[in-house]
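Below is one structure; the comments refer to it alone.
Values below: all heavy atoms of this structure, side chains included; hydrogens, waters and symmetry mates excluded. So you know, we letter chains A, B, ... as the sequences are listed, proteins then strands, and number each from 1.
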Amino acid sequence: MNPGELSVRGASPHTLAMQNFAVAQMFDDIADYLEIAGENSFKIRAYRRAAEAIAAYSEPIEDAAENGTLREIEGLGEATTAKVQEFLATGKVRYLERLREEYPHSLLELLKVPNLGPKKVAQLYRERNITSVEQLISAIEQGQLTGLSGFGPKTIENLRQSIERLAQMTTRLPIGEALQVAKNIVTALAATPAAERVEIAGSLRRGCDTVGNINLVTTGRNASALVQAFVKLPQVLSVLEQGEQKATVCVRPGIEVHLTCASPQNFGAVWFQATGSVEHLATARQKAESHGLRLQADGLYRGDKSLAAAEEKDIYAALELPYILPELRENRGEWEAAEAGALPPLVEVADIRGDLHTHSTWSDGSVTIRQMAQAMHERGYSYFAVTDHSKALAMTNGLNATRLRDQAKEIAEVQAEFPGLKILRGVECDILRDGTLDLDDEILHELDIVIGSVHSGFKFDEATQTARMIKAIEHPAVDIVAHPTGRILGGRPGYAVNVDALIEAAHDTHTALEINSSERLDLNDIHARTARDAGVLLSIDSDAHSPRMLPNVALGVLTARRAWCAKANILNTKTTDELLQWLHRPQAKK
DNA sequence: GCCGTTTTCGGCCCGACTGTTTTCAGTCG
């Protein structure tokens with residue numbers, strides 16, 4: 001896809017947010033090319049910062065361009081401002097066009113292969129004329145890399161495995177991105193005259209952490225007009241299928257959006273079918289049969305007679321069951337629970353009273369503690385924890401004991417300005433390779449809250465990794481273990497670790513485990529369910545490095561709901577007093 | 001390329017690991 005296209009297509013008023021995305025992408029592309037070109041690393045960082053600044057900008061970037069306030073955005077200077085304006089005016093940037101003439105666009109895909117950085121990509125291009133992942137695979141298979149300096153047998157084997165893993169991960173879209181894409185289309189479609197109701201269905205509605213494609217269900221007076229409007233949306237790159245009642249389009253390479261039009265009378269039945277899961281539907285069909293009913297893709301039937309099912313609850317009612325929420329529809333016990341009248345009450349975003357994992361400019365966060373406090377206050381939170389990185393993570397300017405004590409002074413000042421918001425002194429302390437913590441006990445015990453995290457040693461075998469993490473869980477100072485499996489959606493799988501053993505240790509030591517709501521969603525729904533069943537408290541945190549990441553907790557809440565979590569299973573639904581009491585809990589630590 | 005400032009240019013994000021080397025380059029967090 002040519003990112004330039006996005007901007008031209010993005011001119012519709014319903015896709016303003018896409019402009020920020022497209023402009024940020026433009027700067028990221030420039031940075032990628034410059035890396036391959038071996039440019040000055042600070043120049044590259046300047047372009048990355050510009051990309052981040054625009055992605056983080058909360059208003060449409062074209063408004064800032066019109067108002068002449070682009071330069072006020074931190075990270076944009078003379079050169080980048082000019083490029084934003086050129087891009088908005090023409091959909092192109094000549095500087096980037098020149099880079100594209102020099103380097104094939106597919107080289108940027110190669111950069112996404114783990115263990116393959118800009119230097120090696122440039123080398124593969126110069127010395128073997130390899131310009132794409134496909135060509136790299138074939139070169140490896142045909143032994144064309146042997147003799148290339150820096151590419152020994154281990155490196156080549158690592159690359160082969162990296163490409164395999166990458167292929168597995170890029171076929172599915174992380175839920176955060178999928179929701180953005182879907183909401184954008186829903187908004188645009190809902191604004192067309194033909195639409196009455198537009199709803200998200202499929203795995204996205206069930207809150208799965210990644211989705212293969214996006215499903216939408218609509219009603220409207222004129223189905224074919226709706227389909228027409230859908231395939232003509234500015235986001236659509238190509239139309240894959242088009243009928244009277246449904247259509248499938250491609251909105252990003254590999255990402256399909258299916259639209260099904262339903263009549264208002266059977267909307268519930270169609271939405272139910274389009275939501276899934278396959279397993280939940282199979283059980284539903286069996287139960288329908290035992291009630292003398294038939295569930296089909298287009299509705300609910302008794303014999304040949306179509307029964308009205310305008311809402312999903314009509315389907316469950318026909319099965320003499322209470323409504324089952326989409327997040328539970330996985331055939332993981334929801335039918336039995338529904339029959340027993342024991343469906344769990346699920347935690348909601350509104351139950352979250354604070355955020356226990358956040359960063360500030362003291363380490364790698366992009367805003368000050370004061371700015372973060374203001375954002376927390378605006379969200380209506382009762383408390384939040386400042387948990388910057390510890391010194392082992394040197395790249396993030398991690399804190400030692402001295403700086404943590406200096407930080408305490410600033411926290412006290414900001415605390416005085418926000419009397420209704422409890423600001424906890426914390427740290428995200430690295431769990432070192434041997435399972436000890438990066439800071440000594442004296443400073444850790446001064447803090448209100450300590451998060452333990454793994455940021456190194458990803459290649460340990462399972463037994464070593466598990467023992468290392470249990471050692472940290474057993475440390476008396478550790479309150480929460482963050483992102484316990486280390487996975488990044490669409491980025492990397494987690495390290496090898498026995499999560500059941502971690503959960504057991506967390507249970508024995510009254511330690512909470514995190515559902516990290518950033519691009520990780522770690523723990524995932526399955527592990528979180530195990531933790532919940534074991535009575536381990538879960539903390540749904542944003543891991544925010546800027547205020548714009550705070551709303552991500554909604555994704556963590558979805559994961560918790562898929563794990564059958566109620567409010568009581570979540571640490572940060574506690575009131576401030578309850579939380580402070582918990583932080584002083586008697587710990588069965590060894 | 002951006003920023004801050006001493007308004008004209010120097011500083012900006014570091015350290016460990018891996019695999020390849022034969023003393024270090026590349027990648028990653």
Side-chain angles (χ1 to χ4, degrees), chain A residues 26-54 70-84 93 95-96 99 110-127 145-162 165-166 359 361-366 388-400 403 428-434 438 453-460 482-483 486-488 491-495 516 518-520 522 543 545:
Chain A
M26 179 268 292
F27 282 129
D28 260 329
D29 281 358
I30 289 177
D32 281 347
Y33 282 119
L34 293 182
E35 278 202 300
I36 293 170
E39 252 288 2
N40 176 314
S41 64
F42 297 110
K43 187 171 170 177
I44 294 164
R45 268 196 15 228
Y47 280 113
R48 297 268 184 231
R49 267 208 311 274
E52 283 167 26
I54 288 168
L70 280 174
R71 280 302 296 270
E72 290 169 22
I73 300 173
E74 204 173 319
L76 290 192
E78 194 182 333
T80 44
T81 299
K83 289 185 178 69
V84 172
V93 171
Y95 184 61
L96 178 57
L99 287 166
L110 271 176
L111 272 184
K112 291 179 185 154
V113 176
N115 305 314
L116 197 55
K119 297 284 163 58
K120 282 196 155 79
V121 167
Q123 190 191 0
L124 287 168
Y125 177 47
R126 275 198 309 270
E127 297 181 29
L145 297 190
T146 43
L148 198 57
S149 104
F151 287 81
K154 282 191 178 172
T155 298
I156 291 176
E157 176 56 20
N158 283 341
L159 276 181
R160 204 187 55 73
Q161 290 180 18
S162 298
R165 282 205 306 276
L166 185 73
H359 296 273
T361 46
W362 281 79
S363 64
D364 62 346
S366 58
D388 277 305
H389 289 288
S390 63
K391 61 186 192 313
L393 220 52
M395 166 205 168
T396 66
N397 194 22
L399 279 66
N400 58 19
R403 288 188 63 220
E428 180 180 8
C429 185
D430 256 54
I431 298 171
L432 303 180
R433 288 166 175 266
D434 61 359
D438 185 31
S453 288
V454 164
H455 293 110
S456 62
F458 291 178
K459 289 186 173 173
F460 287 161
H483 43 76
R487 75 161 177 175
I488 291 180
R492 62 164 190 244
Y495 34 73
N516 188 289
S518 64
E519 75 278 22
R520 298 171 179 270
D522 178 12
D543 197 356
H545 287 65

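- Looking at A:S363 and A:D388, their side chains do bring a donor and an acceptor atom within 3.5 Å of each other.
- Atom name P, nucleotides B:dG10 and B:dA16: the rounded distance is 30 Å, in whole Å.
- The gap from the P atom of B:dT6 to that of B:dG11 amounts to 15 Å, rounded to the nearest Å.
- Of the residues near DNA chain B, A:Y47 and A:F42, the one whose nearest nucleotide (by heavy atom distance) lies more toward the 5' end is A:Y47.
- Nucleotide B:dG1 holds its C1' atom 14 Å from the CE atom of A:M26, rounded to whole Å.
- Nucleotides B:dC13 and B:dC3 have their C1' atoms positioned 16 Å apart, rounded to a whole Å.
- Here the rule is salt bridge (charged side-chain N to carboxylate O under 4.0 Å, His left out) with A:E35, and of A:K43, A:R48, A:R45 only A:R48 fits it.
- Remark: A:T396 is not in phosphate contact with B:dC13, judged by side-chain N or O atoms under 4.0 Å from OP1 or OP2.
- Across the protein-nucleic acid pair, A:K391 atom NZ and B:dC13 atom C1' stand 18 Å apart, rounded to whole Å.
- Contact annotation for A:S41: no contact, since no heavy-atom pair falls under 4.0 Å across all strands.
- When each of A:D438, A:D430, A:N397, A:N400 is checked for a side-chain hydrogen bond (donor to acceptor under 3.5 Å, both in side chains) with A:K391, only A:D438 meets the rule.
- Nucleotide B:dC12 holds its P atom 12 Å from the CG atom of A:N397, rounded to whole Å.
- The nearest whole Å value for the distance from the CD atom in A:E39 to the P atom in B:dC2 is 13 Å.
- Here, B:dC28 and B:dT22 have their P atoms 23 Å apart, quoted to the whole Å.
- Because its glycosidic torsion is within 90° of 0, B:dT7 is reported here as syn.
- To the nearest whole angstrom, the two P atoms, one in B:dA25 and one in B:dT20, are 16 Å apart.
- With sequence neighbours left out, A:F458 forms a ring-ring contact (aromatic ring centres under 6.0 Å, His included) with A:Y495.
- The aromatic rings of A:H545 and A:H389 lie tilted to each other, with the angle between the two planes from 30° to 60°.
- Within the shown strands, nothing qualifies as a pairing partner of B:dT8 under the Watson-Crick or G-U definition with both distances less than 3.5 Å.
- Ion pairing between A:E157 and A:R160 holds under the 4.0 Å rule for side-chain N and carboxylate O.
- Both tests pass for A:K120 against the ring of A:F151: distance under 6.0 Å to the centre and angle within 45° of the axis.
- If you take CD1 of A:I54 and P of B:dC2, they are 11 Å apart, rounded to a whole angstrom.
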B/S/- contact track for nucleotides 16-29 of chain B, protein heavy atom under 4.0 Å:
-S-SSS----SSSB

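- At the heavy-atom level, A:L76 lies under 4.0 Å from the strands shown only through sugar-phosphate atoms.
- Under 4.0 angstrom from either OP1 or OP2 of B:dG1 there lies no side-chain N or O belonging to A:R49.
- For the C1' atom pair drawn from B:dT5 and B:dC12, the interatomic distance equals 15 Å after rounding to whole Å.
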